[in-house]
Amino acid sequence: MKPVLLLSNGHGEDLSGAALGSQLRLRGVAVEALPLVGHGQAYRQAGIPVLGPTRDFSTGGLGYTSLAGRLTDLREGQFTYVLGLLGRLWRRRFRYRLVVAVGDLVPVLGAWLTGQESAVYLVAYSSHYEGRLRLPWPCGWLLKRPRVRAVWSRDQLTAKDLSEQLGRPVDFLGNPFLDPLLEGVAATTASRPGEEPSGGATAASRPVVAVLPGSRLPEALGNLTLLLGVLERLPAAIGGSGDAPILRAALVAALKPTAIAAAAAPLGWRFEEGDRAAGPEPAALQRQGRRLELHWNRFAAVLASSDLVLAMSGTASEQAVALARPVLQLAGPGPQFTEGFAEAQRRLLGPGVQCAAGPVGQENTLAATAWMLGSMLDRLADPVTGPTWRRELEAIAAERLGATGGSDRIAAAIQTILNSPKRALQGD
């Protein structure tokens, strides 16, 4: 049988596409991928063939969020690059039985241009943003085409809204980008790297803060320096333990120790190599008694160990909410994690995500964020408010992101399409 093509346009979308592809391969379905942004590392790690060559851009595919970003994309040739990829796809269009678009308008349009049957996981849009989803033109028209065999949303509210708008069923089957994380959490031998499981902050254990600067470079390095500004302003004892919290940063491999050391040194932070001879001691940044552990490629373990998340990351914040972790945002200059992006994400993910007010990078903003972090940890540690808040966070996770296993359910729906007769399409 001809392979299925996964067409996606972003880091989080690639994670979902790779999870779907892995499930389809377990079902005996041949799969290929075409990432429209970046190198599609999630696909490569899953062993899914990627149509190359691929390329990264400094905006990480998010240039559309600002005028400067759009100009940067034009200067770097992203527009012509994406057109070239879509042209390559069009020339290979008869190779595929089904094109699965993962993301927003761009992969939906790309799938339509192939002239082949398609299915759409519309992960980039949600009715939680404004109550009623306003799809960009011509996305709504494309989703109504008979050639689109199925549409899946990222939450139940959106499924109901789009079913009414499009006049066709839109289903919510879960979010595949959660599944690799939860598999990693399950595979973690202890809930805290190098420690015994604790099940959350208590008076007898130091609270753990996961620090997430993001995955796109060079933005992630700049984000890390801003986060250091928050951490140095934390009070000495918070979280009800009488001790400073344990701080753990989850870093991508591309964020090199040498670059971190050089960026942190002017801020008064000293880089220390991990001591492997004495045990699994991680590298760290130190400043006046404050210590930030540095963990590369251990996102699931760091997130599983945490009581609270300090984030400048999009998809990772959603995954934290899925694990019922409270998230404290710090907006940056972008191109991804800007004030506008952070505010939109709070509307998407609900009251489990908070952010201090103030201009990006200013002293009062960093200080307010540090104060809020301490307040949130104190709330978690309180024997009365802590358990109640955790239950609220679990309810938010269920409402906004759904149950786990979305990749398996969507893969099953795709297989049903593949096993059904191909439609005779007219006027599409």
Side-chain angles (χ1 to χ4, degrees), residues 1-36 39-52 54 85-86 88-103 106-123 142-143 145-154 169-184 402-425 428:
M1 180 181 286
K2 294 179 180 179
V4 168
L5 179 72
L6 297 162
L7 186 63
S8 55
N9 65 324
H11 171 70
E13 290 82 354
D14 290 354
L15 286 176
S16 290
L20 280 175
S22 296
Q23 287 295 327
L24 287 169
R25 294 175 77 188
L26 289 175
R27 296 168 179 271
V29 179
V31 177
E32 295 180 2
L34 179 57
L36 298 175
H39 295 298
Q41 197 60 34
Y43 292 117
R44 298 179 191 275
Q45 290 173 350
I48 296 172
V50 172
L51 304 183
T54 54
L85 289 181
L86 294 178
R88 185 187 312 156
L89 172 59
W90 187 83
R91 291 190 296 273
R92 298 169 61 97
R93 64 194 183 279
F94 298 117
R95 172 178 171 79
Y96 302 107
R97 167 66 179 85
L98 184 74
V99 180
V100 179
V102 181
V106 177
V108 171
L109 181 60
W112 178 75
L113 289 173
T114 67
Q116 303 302 307
E117 290 190 333
S118 64
V120 177
Y121 169 43
L122 207 63
V123 65
L142 293 172
L143 294 176
R145 299 303 92 200
R147 200 189 303 158
V148 179
R149 297 292 301 274
V151 181
W152 304 294
S153 71
R154 59 163 296 129
V170 176
D171 297 315
F172 172 52
L173 301 181
N175 286 298
F177 63 82
L178 301 179
D179 295 337
L181 166 72
L182 296 170
E183 290 169 7
T404 60
S407 55
D408 181 59
R409 288 187 288 273
I410 295 179
I414 291 172
Q415 191 168 45
T416 299
I417 294 172
L418 296 175
N419 293 338
S420 63
K422 192 168 184 177
R423 293 177 180 175
L425 303 177
D428 195 11

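Positions are given from 1 along the sequence.
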Exercise. Are any of the side-chain heavy atoms of L89 and L113 separated by less than 4.5 Å?
Worked result: no

Exercise. Only one of R149, K2, R97 forms a side-chain contact (heavy atoms from CB on, under 4.5 Å) with L418, so which one is it?
Worked result: R97

Exercise. So do the side chains of V148 and S118 get within less than 4.5 Å of each other, counting heavy atoms only?
Worked result: yes

For this session: Taking R44 for its side chain and Q41 for its backbone only, find out whether a donor-acceptor pair lies under 3.5 Å.
Result: no

Exercise. Can you name the closest pair of heavy atoms from A119 and L98 and give their distance?
Worked result: N-CD1, 4.2 Å

Seminar exercise, completed: Nearest heavy-atom approach of I417 to A150 is CD1-CB, 3.9 Å

Seminar exercise, completed: d(N419 CG, I414 CD1) to nearest 0.5 Å is 12.0 Å

Exercise. With side chains defined as the heavy atoms from C-beta onward, is the minimum distance between V108 and L122 less than 4.5 Å?
Worked result: yes

For this session: Decide yes or no for L5 and R92: does some side-chain heavy atom of the first lie under 4.5 Å from some side-chain heavy atom of the second?
Result: no

For this session: List the atom of L173, the atom of R409, and the distance in Å for their closest heavy-atom pair.
Result: O-NE, 2.6 Å

Exercise. Would you say the side chain of Q116 lies within less than 4.5 Å of the side chain of F94, judging by non-hydrogen atoms?
Worked result: yes

Seminar exercise, completed: Tightest non-hydrogen contact, residues L7 and A111, listed as CD2-N, 3.7 Å

For this session: Calculate, to the nearest 0.5 Å, the distance between atoms CD and CG belonging to Q45 and L15 respectively.
Result: 8.5 Å

Problem set entry | D171 side-chain N/O to W152 backbone N/O, donor-acceptor pair under 3.5 Å | no

Which atom pairs, donor and acceptor, lie under 3.5 Å between side-chain atoms of residues 17-30 and protein residues at least two apart or in another chain?
residue: S22; atom: OG; partner: A18; partner atom: O; Å: 2.9
residue: R25; atom: NH1; partner: A46; partner atom: O; Å: 3.1
residue: R25; atom: NH1; partner: G47; partner atom: O; Å: 2.8
residue: R25; atom: NH2; partner: G47; partner atom: O; Å: 3.4
residue: R27; atom: NH1; partner: Q415; partner atom: OE1; Å: 3.2
residue: R27; atom: NH2; partner: D408; partner atom: O; Å: 3.4
residue: R27; atom: NH2; partner: D408; partner atom: OD1; Å: 2.8

Problem set entry | Which atom of S407 lies closest to which atom of P176, heavy atoms considered | CB-CB, 3.8 Å

For this session: For the residue pair L86 and L34, establish whether any side-chain heavy-atom pair is separated by less than 4.5 Å.
Result: no

Problem set entry | Contact check, side chains of N175 and Y121, non-hydrogen atoms, under 4.5 Å | yes

Seminar exercise, completed: Of all heavy-atom pairs linking V31 and P49, the shortest is O-CD, 3.4 Å

For this session: Name all residues meeting the side chain to side chain donor-acceptor pair (under 3.5 Å) criterion together with S8; count only those two or more places apart in sequence or in a different chain, and write none if there are none.
Result: D14, Y43

Exercise. Is there side-chain contact between F177 and V123, with heavy atoms separated by less than 4.5 Å?
Worked result: yes

